[in-house]
Amino acid sequence: MLIPSRDSGFNHPHSSEITPRSVYEDRRHMLKRMAGGAAGAVLASWAGREALAQPQAARPGKLAALAGARSAVAGAVTMEKLTDYKDASSYNNFYEFGTDKADPARNAHTLKTSPWTVEVEGLVKKPGKYGIEDLLKLSAQEERIYRLRCVEGWSMVIPWVGYSLAELIRRVEPQGSAKYVEFVTLADKATMPYVGSRVLDWPYVEGLRMDEAMHPLTLLAFGMYGEVLPNQNGAPVRLVVPWKYGFKSAKSIVKIRFVEKEPGTAWNKAARQEYGFYSNVNPSVDHPRWSQATERRIGEDGLFAKKRKTLMFNGYEAQVGQLYAGMDLQKFY
């Protein structure tokens, strides 16, 4: 059985005041030493603010710039080391372009991202079609530095550019009967050479419960690393749901449908016993064929590199844990 499509694939948060790197380092180390004293908790908080003010990293310079302001959403900016752009843009699952990790970067040049339209339909008061230009202007772009955890056991840290999906959802006014949101992705045999293969039922479809879709961390993404999305990472618009395994984050979206019943999703239909609808990152619920307790961070592949412990909800438990209160996560995996 093949393993899922749709995982990944940066600038640091913007600052209104650029601090020379040497000065920034001196401040950071000073605050770290002082944090061990009586005022530790307060100073640690200030140290975090200083870290957020670090100088902006140079963007890759590969594609058109797409800047995002620093996000104020709780949990939206992890301070972990960013994955190199070359890794995030060359180690991908995107089965429409091939099943090997290098296939999407090699084959996705055929994808045509302009013109591009996303249709919103189903149980909404204001259905309609949105050109990519309209979506880009619908809300202010933010930079969100998220962990990405693949169901295969590897992870990355990626700075995305976009805005909360809730901004779009509020504008289309879902009806009270809408309980789920379904995402349909492009399936064009002319530009996606592996569409039509027997790996999955095409088009690739994903879904979220309404409260998951409305959560401020659920991102409608148009860029990464301060630039528009590369084709192999889901251009021109994709979903990023950081507390779920990466295949839940649908790429190259062409339709968003509001429905009453839980939609059938690509990997859940292909192997229901292995890939549940929720697919929340959970170190205590193993995949039937491997443990999910640890992960390999891409870029830390040295001989002596240790695996990292997988965090509950990928480290976003404080923000999203309440969505699943009282649920049996062994059953609703």
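All residue numbers refer to positions in the sequence shown, counting from 1.
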A.B. asks: Quick one: closest heavy-atom pair of S164 and R144, and the distance?
C.D. replies: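 Nearest heavy atoms, S164 then R144: OG-NH2, 2.8 Å.
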
A.B. asks: Would W243 and Y316 satisfy ring-ring contact (aromatic ring centres under 6.0 Å, His included), going step by step from the backbone distance to the final call?
C.D. replies: CA-CA 6 Å; W243 69 92; Y316 300 95; 7.6 Å; no

A.B. asks: Does the distance from a Lys or Arg side-chain N to an Asp or Glu carboxylate O, for E300 and R308, drop under 4.0 Å?
C.D. replies: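 A salt bridge links E300 with R308.
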
A.B. asks: Applying side chain to side chain donor-acceptor pair (under 3.5 Å), name anything that partners Q319, two or more places apart in sequence or on another chain.
C.D. replies: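 Per chain and number, Q319 pairs via side chain to side chain donor-acceptor pair (under 3.5 Å) with no residue.
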
A.B. asks: Between Y85 and P60, what is the shortest heavy-atom contact and its length?
C.D. replies: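 Smallest heavy-atom distance, with atoms named: CD1-CG, 3.4 Å.
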
A.B. asks: Which is it for E167 and R170 under the salt bridge (charged side-chain N to carboxylate O under 4.0 Å, His left out) test, yes or no, and what are the steps along the way?
C.D. replies: CA-CA 6 Å; E167 297 290 342; R170 281 191 285 266; 3.3 Å; yes

A.B. asks: Hey, does the side chain of D84 reach the backbone of G299 with a donor-acceptor pair shorter than 3.5 angstrom?
C.D. replies: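 Side chain of D84 to backbone of G299: no pair is present.
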
A.B. asks: Where do Y194 and Y95 come nearest, in terms of heavy atoms and distance?
C.D. replies: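 Of all heavy-atom pairs spanning Y194 and Y95, the closest is CB-O, 3.1 Å.
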
A.B. asks: Hey, is K251 close enough to E96 for a salt bridge, meaning N to O under 4.0 Å?
C.D. replies: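 So K251 does not pair with E96 through a salt bridge.
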
A.B. asks: Identify the residue among L208, L219, V181 that makes a side-chain contact (heavy atoms from CB on, under 4.5 Å) with L239.
C.D. replies: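 Only match with L239 under side-chain contact (heavy atoms from CB on, under 4.5 Å): L208.
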
A.B. asks: Are Y245 and Y275, when compared by the centres of their aromatic rings, separated by less than 6.0 Å?
C.D. replies: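 Between Y275 and Y245, which both carry aromatic rings, the centre distance is not below 6.0 Å.
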
A.B. asks: Can you name the nearest heavy-atom pair linking Q330 to D328, along with the distance?
C.D. replies: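 Closest approach of Q330 to D328: N-OD1, 3.0 Å.
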
A.B. asks: Of all heavy-atom pairs between A235 and W116, which one has the smallest distance, and what is that distance?
C.D. replies: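 Taking A235 first and W116 second, the nearest heavy atoms are O-CH2, 4.3 Å.
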
